[in-house]
Amino acid sequence: MIKINDSGFYLGYKKYEENSGIIFILSKKNGLIKSFTKFSKKNTKSFMILDEIDFTWKSKQLGGLGYVNIDLKKSNYFESHYLHTLIKSSAGELCLNFLPLWQSNVLTYNDITNLKKVTNDKPKTMILKYVWWEVFFLKNNGYGLNLNKCAVTGSKDDIYYLSPKSGNSVSYSEGKKFHNKLFVIPECLKSSSINFNYSDFQEALKITGYFLNKNFESNLAKLVFRNQLIEKIISFEK
């Protein structure tokens, strides 16, 4: 019998039988875990996406579903408002859908930890941090975008376009003749300032969404929380 004690973030739950189901956890040491658990309907309502938990997982073989017992370590219930809840839910949704099982991903885990700290920030600050969380999520999983220098000249000046094919950026002078085939890089992906309009964040999420779809071969329409977050960002402009 294999036994693992670890901590992590609660990602979700699917009912399997009357008093059991399948739980999804982003664990600190073991990456994404999918496991059976004894969990009543009443108990599931006390957990929110990215709640901090401790757990013990047992199975006859590593990589099997096994069974897990979890304890709530810290709930987000009393520290979240709607925008922050959407941000956490979207991040958890991406981890659940795109991370491989049982592969440690310390960088993404740490980025989740930092993202959870934006709860008291202003809306633009929270959204900007989430946009960069998606950029780092791509990078941590082998699909980094080159946003620092022109792939043609090596210069860091006048970066303007991003190639949807390679993920490399190019300067305005080098890319203007191919502008119909390139993304225009939003200002929020070139600066850490928060003085951007909300349409700039939307354009940034279109770009990260494109690369999520391309690299993970996913239908982004199925990402319910991410789409709700984008709708919320759009509503700020109205």
Side-chain angles (χ1 to χ4, degrees), residues 1-80 84-119 130 133-134 136-143 212 215-220 222-226 229:
M1 179 68 70
I2 299 173
K3 181 179 179 180
I4 291 175
N5 294 308
D6 201 351
S7 59
F9 298 117
Y10 172 82
L11 295 182
Y13 173 84
K14 290 182 179 180
K15 185 177 179 180
Y16 183 73
E17 292 178 342
E18 184 64 26
N19 292 314
S20 67
I22 296 176
I23 190 172
F24 299 89
I25 299 168
L26 179 61
S27 67
K28 186 174 183 178
K29 299 177 182 178
N30 296 278
L32 180 64
I33 293 176
K34 173 183 178 182
S35 179
F36 286 115
T37 188
K38 295 291 185 181
F39 220 30
S40 70
K41 184 177 181 180
K42 181 179 179 180
N43 287 337
T44 61
K45 293 182 179 180
S46 64
F47 285 80
M48 296 181 66
I49 295 177
L50 298 190
D51 273 351
E52 297 177 36
I53 60 173
D54 291 321
F55 67 90
T56 300
W57 178 86
K58 296 179 181 180
S59 179
K60 292 181 179 180
Q61 59 182 7
L62 188 65
L65 281 176
Y67 274 90
V68 66
N69 291 318
I70 71 172
D71 292 307
L72 182 61
K73 184 177 179 181
K74 183 180 180 181
S75 175
N76 303 313
Y77 184 80
F78 295 106
E79 62 182 36
S80 295
H84 190 231
T85 298
L86 282 179
I87 285 173
K88 291 184 297 181
S89 297
S90 181
E93 185 176 51
L94 263 62
C95 291
L96 177 58
N97 282 275
F98 299 149
L99 294 181
L101 294 170
W102 291 103
Q103 290 189 23
S104 176
N105 195 321
V106 176
L107 294 176
T108 293
Y109 186 91
N110 289 340
D111 286 345
I112 285 282
T113 301
N114 292 329
L115 186 67
K116 281 167 56 67
K117 297 176 182 178
V118 306
T119 180
Y130 177 78
W133 183 88
E134 285 202 357
F136 292 134
F137 182 83
L138 286 164
K139 179 181 178 180
N140 295 341
N141 290 282
Y143 308 112
L212 288 169
N215 295 311
F216 293 100
E217 298 181 353
S218 172
N219 180 3
L220 296 186
K222 295 181 179 180
L223 298 179
V224 176
F225 295 119
R226 187 178 188 274
L229 174 59

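Side-chain atoms are counted along with the backbone in the values below, which use heavy atoms only and exclude waters and symmetry mates. None of the values given here were measured: they were computed from a predicted structure.
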Between [X] (side chain only) and [Y] (backbone N and O only), is there a donor and an acceptor less than 3.5 Å apart?
X: Thr56; Y: Asn69; answer: no
X: Asp51; Y: Tyr10; answer: no
X: Ser35; Y: Leu65; answer: yes

Would you give the length of the straight line joining atom [atom1] of [X] to atom [atom2] of [Y], rounded to the nearest 0.5 angstrom?
X: Tyr109; Y: Leu26; atom1: OH; atom2: CG; answer: 7.0 Å
X: Leu107; Y: Asn140; atom1: CG; atom2: CG; answer: 4.5 Å
X: Asp111; Y: Phe136; atom1: CG; atom2: CZ; answer: 7.0 Å
X: Leu72; Y: Ile53; atom1: CG; atom2: CD1; answer: 8.5 Å
X: Leu229; Y: Ser90; atom1: CG; atom2: OG; answer: 5.5 Å
X: Phe47; Y: Ile70; atom1: CZ; atom2: CD1; answer: 3.5 Å

Looking at residues at least two apart in the chain, or sitting in another chain, which of them share a side chain to side chain contact (heavy atoms under 4.5 Å, CB included) with [X]?
X: Asn110; result: Val106
X: Asn219; result: Ala221, Lys222
X: Asp54; result: Ser7, Lys73

Side chains of [X] and [Y] in contact at under 4.5 Å (non-hydrogen atoms):
X: Phe24; Y: Lys14; answer: yes
X: Lys34; Y: Ile22; answer: yes
X: Ile2; Y: Trp57; answer: yes
X: Phe225; Y: Ile49; answer: yes
X: Tyr67; Y: Lys58; answer: no
X: Phe9; Y: Glu52; answer: yes
X: Leu11; Y: Leu50; answer: yes

Looking at every heavy atom in both [X] and [Y], which two are closest together, and how far apart are they?
X: Gly66; Y: Ser59; value: CA-CB, 3.7 Å
X: Phe55; Y: Ile25; value: CE2-CG2, 3.8 Å
X: Thr113; Y: Lys117; value: O-CG, 3.5 Å
X: Phe137; Y: Leu94; value: CZ-O, 3.8 Å
X: Thr108; Y: Cys95; value: CG2-SG, 4.0 Å

For this session: Start with the C-alpha gap between Trp133 and Asn114, add the side-chain angles, then the distance that decides, and say whether side chain to side chain contact (heavy atoms under 4.5 Å, CB included) holds.
Result: CA-CA 9 Å; Trp133 183 88; Asn114 292 329; over 6 Å; no
For this session: Name all residues meeting the side-chain hydrogen bond (donor to acceptor under 3.5 Å, both in side chains) criterion together with Asn97; count only those two or more places apart in sequence or in a different chain, and write none if there are none.
Result: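 Per chain and number, Asn97 pairs via side-chain hydrogen bond (donor to acceptor under 3.5 Å, both in side chains) with no residue.
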Problem set entry | side-chain hydrogen bond (donor to acceptor under 3.5 Å, both in side chains) against Ser218, all qualifying residues, sequence neighbours excluded |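 With neighbours one apart ignored, the set is empty.
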Exercise. In chain order, what residues pass the salt bridge (charged side-chain N to carboxylate O under 4.0 Å, His left out) check against Glu134, with sequence neighbours excluded?
Worked result: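 For Glu134 the salt bridge (charged side-chain N to carboxylate O under 4.0 Å, His left out) partners, ignoring immediate neighbours, are Arg226.
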Problem set entry | Parallel, tilted or perpendicular, as decided by the 30° and 60° cut-offs, for the rings of Phe216 and Tyr143 |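 If you compare the ring of Tyr143 with that of Phe216, the planes turn out perpendicular.
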Exercise. Does a side chain donor of either Asn141 or Asn105 reach within less than 3.5 Å of an acceptor in the other side chain?
Worked result: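 On atom types as modelled, these side chains qualify, holding a pair under 3.5 Å.
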